[in-house]
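What follows is one structure encoded as structure tokens, with my remarks underneath.
Letters A, B, ... mirror the listed sequences (proteins, then strands); counts begin at 1.
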Amino acid sequence: MKKFNVFSLARETMRGHTGWGKQWRNPEPKKQYDVIIVGAGGHGLGTAYYLAREHGIKNIAVLEKGWLGGGNTGRNTTIIRSNYLYDESAGLFDHSLKLWETLSQELNYNVMFSQRGVMMLAHNVHDVQSAQRHINANRLNGVDNEWLTPQQAKEYCPPLNISKDSRYPVMGAALQRRGGVARHDAVAWGYARQASDMGVDIIQNCEVTGINRAPSGEVTGVETTKGTIGAKQVGVVASGHTSILMEMAGVRMPLESFPLQALVSEPVKPIFPCVTMSNAVHAYISQSDKGELVIGGGTDSYVSYSQTGSMHMLQEVLDSIIELYPIFNRLKMLRTWGGVVDVTPDRSPILGKTPVKGLYVNCGWGTGGFKATPGSANVFAHTIAKDEPHKINAGFNLDRFRTGRLIDEAAAAAVAH
Amino acid sequence: MLLIHCPYCKDDRPELEFSNAGEAHIVRPTNMSDISDTEFEAMFFMRDNPKGIALERWRHAHGCGRFFNVARNTVSDKFLKVYKAGEPRPSDAEIEELLK
């Protein structure tokens, strides 16, 4: 692997950029690995990276039915924040945010992490009370979050309409200044490049069709479209398709998969300096470095694997966007797309061991998994390497739906997040 | 937008009139205080989440207001069979037939 720095850049400039080479290997699968990760999105590739880097386990295959980073990693609106209500969530998401802050340097790959601030609008008395409760809870957990008046919110985000006549009047906002956005593809590519360099085999176009278990129950490997591959430990990191994969090992999951859509506008000059979210009306917006406004909304209401979503969902999100930012009402939308997100009953992820020995699962990120990529991968690698959860993800076990110890961010936010 | 057939109104109506009410044929136990945590978990939290035919409840919320059941393909989103609440679950053979 060629390191990216000022000297290699200068050398390649002289040579017309002909010597960069491939960023990762594209090997055929071996017969046996120590660990198999199913799903080469950010979370899966990151897991392989931390297993190799921090735990010395390098004989790993990451299997991907499509191309790496082609699922929800490449389909989200790239919002990063950690202002979650409960202690467990604050611990997990802030662990992730701290890793984001040094990720470009660590991976020697520019993930374009930009801490431009994430502002969450309050439109009614309930929103105000809920936001202030979040702010207080966050501060007790050492997570930055502050209250802005409507005028301060407007200063932070000039396109925002704070008129009292607005259909969704802005009564204030919670601002997490450490929040922001990152380049989603670069995260997958950065992890893939480093993991591949340490010996991890990333095998694309290789769909897992079965999970093999010994008569005594433990995992022995997987069946794939490229043949049988053996491993004593298998980590499933397959977002929307987790229920289907876990079914192959006989494990039922408390998950439902919904389409979630996003869209971008035509590119315009810099106008939107931050990320602004409005949970009450489901409208999330930021501006990419290419100049496109990146807009997201809520999920469809029914289970679907179609990766498209309903037209009226887009209409609803744009209705809200135009109310909140009337300046954009003549802007053309360029592209829309959908991803399949797996949602848990309490809207918190499941990250840990399963009833099957050697089988681990990292799923249930719902509509907000991108922000957690480094933190999730980091503690999931620990869980696989030690065969027990890290204290950060101990609460996010599959057992909580039996014991009742839910981490109920669904009730805390009253919306998807 | 999907057009959904309401078996009570006997008409195809736009998706916006309906709300999805989750997986169908989940039986709520009558002896709730006697069942184990595992049984409660299976009933309350665990879901089929199939890629293929899903049996689910819909409600004609902005219409007649009544619940009914459907068999829908979760890959194409196509509604394959609509039947009234209380009618029996389609047999596995019938579901196989719908998939063809």
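Looking only at distances, no side-chain donor or acceptor of B:N49 sits under 3.5 Å from a matching main-chain atom of A:S243.
Residue B:E96 qualifies as open at atom CD: its count of foreign heavy atoms under 6.0 Å is 12 or below. Counted within 6.0 Å of CH2 on A:W337, heavy atoms from surrounding residues, nucleotides or ligands total more than 12; the atom is thus considered enclosed. Atom CD of A:E316 has more than 12 neighbouring heavy atoms from other residues, nucleotides or ligands inside a 6.0 Å radius. Taking a 6.0 Å sphere around NZ of A:K226, one finds it holds more than 12 heavy atoms contributed by other residues, nucleotides or ligands.
Residues of residues 26-45 of chain B that come closer than 4.5 Å to chain A, counting heavy atoms only, are B:D37, B:T38, B:E41, B:F45, ordered by residue number. Within residues 58-74 of chain B, the residues having any heavy atom under 4.5 Å from a heavy atom of chain A are, by residue number, B:W58, B:R72, B:T74.
Of the N and O atoms on the side chains of B:D77 and A:S304, at least one donor lies less than 3.5 Å from an acceptor on the other residue.
If you take CZ on A:R252 and CZ on B:R47, they are separated by 8.0 Å, rounding to the nearest 0.5 Å. With rounding to the nearest 0.5 Å, the separation of NE2 in A:H241 from NZ in B:K51 is 2.5 Å. With rounding to the nearest 0.5 angstrom, the CG atom of B:L16 is 12.0 Å from the CE atom of A:M311.
The contact between A:L406 and chain B is made entirely by side chain atoms (from C-beta outward), counting heavy-atom distances below 4.5 Å. Proximity to chain B (any heavy atom under 4.5 Å) is shown, for A:S257, by both the backbone and the side chain. Heavy-atom distances place the side chain of A:I244, and not its backbone, under 4.5 Å from chain B.
Nearest heavy-atom pair across A:S310 and B:E15 is OG-OE2, 3.1 Å.
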